[in-house]
Amino acid sequence: AERSRARILSQRLAVAGSRQSSWFGEGLDDETREIAAAIAQRQSRLQDADIAAAVRDSLKREIAALERDFRVARLDDGSAGGAEAGAFPGDIGDVLRGVAPDETVLFFFLAEDRSFLFTARRGEVRVWPLPARDEIENRVRMYLGLWAQMNRQDSSTGGMQVPSDNDLAAASAGLFRFLTGPAAAEVAAAEKLVIVPDGLLHRLPFAALVDADGKHLGEKILFLAPSLEVLAKLRTGPQRAPETPGREVLEVIAVGCGLTGVDNSGSGQRVNPFTGRPLVGLPHAEAEAANVAGRFRRAQLRTGAQATEAGFRELSAYRADILHIAAHGVADQKEVRRSFVVLNPPTRDDEAALMDDGILQWYEAADLDLDAGLVTLSSCSSASGVLAKGEGVTGLTQAFLFAGARCVLATLADVPDSYAASFMADFYASYKEGHTAAVSLREAMFRARGAQDSGDHRPLWAAFTLVGDGGVTISD
């Protein structure tokens, strides 16, 4: 089961730092650079809400053709080649080498006829049978529908009956029992959980589930790992040096892009270049980034004209413990190249700006040269993406792990930016004190549940999830 998981990410981590060229343009030959610039220019035009439908369709066809040319050019110059995966884990000790003694692993394996839950603690592995994949994923879909309804309850229900807190609590407890079976008591007794999901479980807010003791899993120290091999490589790979030659050392780089007062097209309204849907302003995004930056002594705040793709190209000049991004995020569940973070359009008109279209796409994020312990994607549904068999979610979280992050904090649902700003303030208040990312997430969830008890009944706190090494700290 472990050998089938996250092989692409594991390969990427095995050769971290050996990139020979960049999607941003550095190292590309002239022909490939021209193709990339042509794609960026057309995607920039597609963000104009006022272009005619026929023009929009024509631009999409041109982009599809250019992307094919780009892939061919990358293959021709050898820069898109894969890395050797390295040796597979040899035994249980190898598989669990990245797991701490006080952590309990929940490893799910979903199959057509029957599935399994593997639990592991202190080197001891136990196997628990579960129902077939379809039965599990149908139950998960039902739960996700109920959870989504609860998160939308402050808006118009169209006459539909709104589920109650008791409905969600009962469903959360029932799904926990269904997924853990005879292992329920063992899981309830654990204080630290490392969860390796499979299939649709990648979209499940595990923190919202209620264990056999009647407590939310979010009350535990909890994070997700793409695979145990990936976790081991994140924890045992090259250590981050306190100082890196040629790189300014920072505690945090905070990027805030609220799309307020920035015009990309003449109309003042930007749209998703691939769907045409409006990109609504986020009035709290820049303040959120400023709040995060203001908590640390060695910090850099990037908003307005600095919250651009050009700004991200400059990240290789820094070694920052944290990269925090408060911006629109789009996670496409069908095509990974259509997942992106929305930034501000370029403010200059030189050759480098030709590569900028105001969106940091998946492949561009994956090619960043980061040296960060934590990347925070404070964006709607930033933990979502394409579900790929064996690889899990191929989306923005994976891209930033590719880029050099040890851990990514992201969201499983559309979270209002005012809610996200408050949640992040609580998270960083804990993280700054030297607590791990997983402990800090638990503390922020605790405070958010307190607000829920005070009147806001949306279980949005469970939307926040950590992927990678949840044991990372600001001092790592």
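These values consider heavy atoms only, across backbone and side chains, with no hydrogens, waters or symmetry-generated copies.
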message: If you apply the rule side chain to side chain donor-acceptor pair (under 3.5 Å), what do you find for Thr436 with Tyr431, and how did you get there?
response: CA-CA 6 Å; Thr436 68; Tyr431 196 59; over 6 Å; no
Test item: Trp362 and Gln398 side chains (from C-beta on) under 4.5 Å apart, heavy atoms: yes
- prompt: Residues in ring pair (Phe, Tyr, Trp, His ring centres under 6.0 Å) with Phe223, at least two apart?
  reply: none
- prompt: When you look at CD of Glu335, are more than 12 heavy atoms from neighbouring residues, nucleotides or ligands closer to it than 6.0 Å?
  reply: yes
- request: With the side chain counted from C-beta on, respond yes when Arg121 and Val105 share a heavy-atom pair under 4.5 Å apart, and no when they do not.
  value: no
message: Checking the side chain of Asp371 only, and the main-chain atoms of Arg319 only, is there a donor and an acceptor separated by less than 3.5 Å?
response: no
task: Could you tell me whether a side-chain N or O of Asp198 sits under 3.5 Å from a main-chain N or O of Leu110, the two making a donor and an acceptor?
output: yes
- request: Can you measure from CG (Leu209) to CH2 (Trp147) and round to the nearest 0.5 angstrom?
  value: 10.5 Å
- prompt: In Å, rounded to the nearest 0.5 Å, how long is the span from CG of Asp414 to SG of Cys380?
  reply: 4.0 Å
- prompt: Side-chain donor-acceptor pair under 3.5 Å between Arg302 and Gln300, yes or no?
  reply: yes
message: Determine whether the aromatic ring centres of residues His284 and Tyr419 are separated by less than 6.0 angstrom.
response: no
- line: CG (Leu387) and NE2 (His202) are apart, to the nearest 0.5 Å, by 6.5 Å
- prompt: Between Thr397 (side chain) and Val408 (backbone), is there a donor-acceptor pair under 3.5 Å?
  reply: no
query: Counting distance only, does the side-chain N/O of Lys192 pair as donor-acceptor with the main-chain N or O of Leu222 below 3.5 Å?
result: no
task: Evaluate the ring planes of Phe464 and Phe423, with Trp represented by its six-membered ring, and classify them as parallel (under 30°), tilted (30 to 60°) or perpendicular (over 60°).
output: parallel
task: Dump the intermediate steps for salt bridge (Lys or Arg N to Asp or Glu O under 4.0 Å) on Asp211 and Lys220, then the final yes or no.
output: CA-CA 10 Å; Asp211 69 18; Lys220 301 180 184 295; 3.7 Å; yes
query: Can Arg338 be said to sit on top of Phe274's aromatic six-ring, NZ or CZ under 6.0 Å from centre and within 45° of the ring axis?
result: yes
field: Partners meeting ring pair (Phe, Tyr, Trp, His ring centres under 6.0 Å) with His328 (sequence neighbours left out)
entry: none
